[in-house]
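Below is one structure, written out as structure tokens; the observations come after it.
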Amino acid sequence: MKKILIVGAGGQIGSELTTHLRGIYGQHNVIAADIHGDREDNDFVQLDALDAEAVAKTVRENKIDTIFNLVALLSATGEANPQKAWRVNMGALMNALEIAREYNCAVFTPSSIGAFGPDAPKDKTPQDTPMHPTTIYGVCKVTGELLSNYYHQRFGVDTRSVRLPGVISSQALPGGGTTDYAVEIFYAALKGEKFVCPVPHDRFMDMIYMPDVLNAMVQLMEADPSRLKHRNGYNVASMSFSPEIICAEIRKHIPSLEMVYEIDPVKDAISEGWPNLMDDSVARAEWDWAPKWGLSEMTTDMLEVLGKRLGK
Ligand code: VAH
């Protein structure tokens, strides 16, 4: 990777990926693009990922060799407007793949635990298993994996991706995801507010801390392509917890944290169909994936870093 374009750089992952990649490849070698914002950043471009010519122009003018396509309406938002979710999620990906084909770029587009359906094994969910998601988000993610594999085998495009767990981070809030509660609870704890949890107390889901996400994305994109048999949709796992477990962990630091449940039927239905914990042995074998952050150290770090940002 030498010249990188991040499309959807304003989101939860994109905002931290921009900083992370610039720290490795140099400030001016990472162009951040998003439909929103005209921030103080000479290497930021306002870009509609659905405008193929505008994306192609950005790739051409900056001699981009790698595209990170992070544009997505997340699971809960998608269920509120499935047609828009399909149009945005798949329109952005198709543009990225077509432009990558034309300009010989590599492409990374995250998949998700949302790609699995209720008929996949919940524990140690295999890399290769029936993929029958029941959300438009999951349908987009499975289609994204299949399209990315197709563009590699048919056109030789260097496509790679991982199935991300719920991402926990301290810089930018997620928006419209079923796993967002695992970030929002930290804000409530630090602000001394009662936390109203939208998913059941015993609902386990795969979760991952942002530093592990960023490392996984770079490690996969820099991996020896001859080792990659799966290429797209690698299971990457690190933690699995339920609301009552993360609440108890935070209370070790902030005993006063109060949590109540107001179950959101959409997020309840979505999370019920997702894995508890994926089997990530294939990613470990093919490109040496190895998470560094577990529940205890993530909680300590989140409270410290987010606490500083909130002035607590
Ligand atoms: C969501 N945070 O909840 C996203 C994610 C693992 C789920 O893709 O929709």
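Atoms within each ligand, like the ligands themselves, are counted from 1 in listed order. Quick note: numbers below take in every heavy atom, side chains included, and nothing from hydrogens, waters or symmetry partners.
Distances from ligand 1 to the non-hydrogen atoms of G114 include no value under 4.0 Å. Residue contact check for ligand 1: P165 places a non-hydrogen atom closer than 4.0 Å to it. Remark: distances from the non-hydrogen atoms of V167 to ligand 1 are all 4.0 Å or more.
In the model, R60 has a side-chain atom that pairs as donor or acceptor with a side-chain atom of Y103 under 3.5 Å. If you check the side chains of R203 and S242, you find no donor sitting under 3.5 Å from an acceptor. E297 and Y209 share no side-chain donor-acceptor pair at under 3.5 Å. Inspection of the D128 and H230 side chains reveals an N or O donor paired with an N or O acceptor under 3.5 Å. For the residue pair N232 / N149, a side-chain donor-acceptor distance below 3.5 Å is found, with atom types taken as modelled.
In summary, of the residues considered (I67, I6, L220), a side-chain contact (heavy atoms from CB on, under 4.5 Å) with F108 occurs for L220 alone. The only option from R160, E286, Q127, E145 that meets the side-chain hydrogen bond (donor to acceptor under 3.5 Å, both in side chains) definition with Y234 turns out to be E286.
Nearest protein neighbour of atom 2 (N) of ligand 1, counting heavy atoms only, is T179 OG1, 2.9 Å. When hydrogens are left out, the protein atom nearest atom 8 (O) of ligand 1 is Y137 OH, 2.4 Å; that is the closest non-hydrogen contact. Of the protein's non-hydrogen atoms, I113 CG1, 3.2 Å is the one closest to atom 6 (C) of ligand 1. Taking atom 3 (O) of ligand 1 as the reference point, the nearest protein heavy-atom neighbour is T178 N, 2.7 Å. Counting only heavy atoms of the protein, atom 9 (O) of ligand 1 lies nearest to S75 OG, 2.6 Å.
The contact set between ligand 1 and G177, taken as ligand atoms under 4.0 Å from a residue heavy atom, comprises 1 (C), 3 (O), 9 (O). Atom numbering of ligand 1 starts at 1 in the shown order; those under 4.0 Å from a heavy atom of G166 are 6 (C). Remark: ligand 1 atoms within the under-4.0 Å shell around heavy atoms of L164 are 6 (C). Near L74, meaning under 4.0 Å from one of its heavy atoms, ligand 1 places the atoms 9 (O).
Contact annotation: for D206 versus ligand 1, there are no heavy atoms closer than 4.0 Å. For S112, every heavy-atom contact with ligand 1 shorter than 4.0 Å involves the side chain, none the backbone.
Closest heavy-atom approach to atom 7 (C) of ligand 1 among the candidates Y181, W274, F116: W274.
Under the 30°/60° scheme for interplanar angles, the aromatic rings of Y137 and W274 are found to be tilted.
Here the side chains of D264 and V199 are not in contact, with every heavy-atom distance at 4.5 Å or above.
When the shell of 6.0 Å around CZ of R154 is examined, it contains 12 or fewer heavy atoms from other residues, nucleotides or ligands.
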